Amino acid sequence: QVQLVESGGGSVQAGGSLRLSCVASGSIFRVNAMGWYRQAPGKQRELVARISSGGSTTYADSVKGRFTISRDNGKNTVYLQMNSLKPEDTADYYCNANILTHTYFEYTYWGQGTQVTVSS
C-alpha cells in the first residue's frame with residue numbers, strides 16, 4: 001500500500017510565495033519520476049512540473065522562472081517552490097509519482113490534492 005500526502009497549500013496575494021510538499025509512504029522499493037499537476041475549476045488538469053529519479057526537470061511554460069521542483073530521495077518527498085504567484089495559478093495542486101513497490105510492479109499514484117488560491 002502506497003500513499004501520497006500533500007501539504008503547504010493556502011491563500012496568498014499576488015507576488016507571494018508558497019512551498020508545497022508531497023511525501024510518499026508505504027511499501028516502496030524505489031520512487032521514480034515525481035511531479036505536480038494542477039486543475040482550476042472548469043478546466044483540464046495540466047502538468048506543472050516533473051522531476052526524474054536522476055533530477056532532470058520539466059516545467060510548463062507558464063511557470064518557468066517562477067516555480068522550482070526538487071526532491072529528497074532519502075525522505076521520498078517532492079517539493080514545489082512557487083514564487084511570484086499570479087491569480088492564474090489558482091487551482092487544486094496534485095502530487096504524482098511513479099513508484100516501484102516491493103512486489104516489483106510499478107504504478108502511478110496520486111495525492112488527494114491541496115488548494116492554492118492567489119488573490120490580486
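Nothing here was measured: the structure is a model prediction, and the numbers come from that model.
Atoms CD1 and OG, on Ile51 and Ser56 in that order, are 8.0 Å from each other to the nearest 0.5 Å. With values rounded to the nearest 0.5 angstrom, Asn76 atom CG is found 7.5 Å from Ile99 atom CD1. Here CG of Asp92 is found 13.0 Å from NZ of Lys43. Values are rounded to the nearest 0.5 Å. The structure places CD of Gln3 at 10.0 Å from SG of Cys22, a figure rounded to the nearest 0.5 Å. Between the OG1 atom of Thr57 and the NZ atom of Lys64 there is a distance of 9.5 Å, given to the nearest 0.5 Å. We find the CG-OG distance between Asn98 and Ser52 to be 11.0 Å, quoted to the nearest 0.5 Å.
Under the 30°/60° scheme for interplanar angles, the aromatic rings of Trp110 and Tyr94 are found to stand perpendicular.
For the side-chain contact (heavy atoms from CB on, under 4.5 Å) test, residues two or more places apart in sequence or in another chain that qualify with Ser7 are Ser21.
With salt bridges taken as basic N to acidic carboxylate O contacts below 4.0 Å, one links Asp89 and Arg38.
The shortest distance between side-chain heavy atoms of Leu4 and Val23 does not fall below 4.5 Å. Using a 4.5 Å heavy-atom cutoff, the side chains of Tyr79 and Leu20 are not in contact. Using a 4.5 Å cut-off on side-chain heavy atoms (C-beta onward), Val31 and Asn73 make no contact. Side-chain contact between Thr101 and Val2: present, with at least one pair of heavy atoms (C-beta onward) separated by less than 4.5 Å. Annotation: side chain of Phe67 is not in contact with side chain of Leu18 (no heavy-atom distance under 4.5 Å).
Checked by atom type and distance alone, the side chain of Glu6 pairs as donor or acceptor with a backbone atom of Gln112 at under 3.5 Å. Side chain of Thr90 to main chain of Val118: a donor-acceptor pair is present (N/O by atom type, distance under 3.5 Å, no hydrogens or angles). A donor-acceptor contact shorter than 3.5 Å is absent between the side chain of Tyr107 and the backbone of Ala97. A donor-acceptor pair under 3.5 Å is absent between the side-chain atoms of Arg50 and the main chain of Thr58, judged by distance alone.
The two residues Ala14 and Pro87 make their nearest non-hydrogen contact at CB-CD, 4.2 Å. What you find for Ser17 and Val12 is that their closest heavy atoms are O-CG1, 4.0 Å. The shortest non-hydrogen separation linking Tyr93 to Val48 is CE2-CG2, 4.1 Å.
Screening residues 69-79 for salt bridge (Lys or Arg N to Asp or Glu O under 4.0 Å) gives no qualifying pairs among residues at least two apart or on separate chains. Legend: side chain to side chain donor-acceptor pair (under 3.5 Å) pairs involving residues 24-37, not counting sequence neighbours, sorted by first then second residue: Arg30-Asn32, Asn32-Glu106.
Under the 4.5 Å side-chain heavy-atom criterion for grouping Ile, Leu, Val, Met, Phe, Trp and Tyr, Leu80 is connected to Tyr109 within one hydrophobic cluster.
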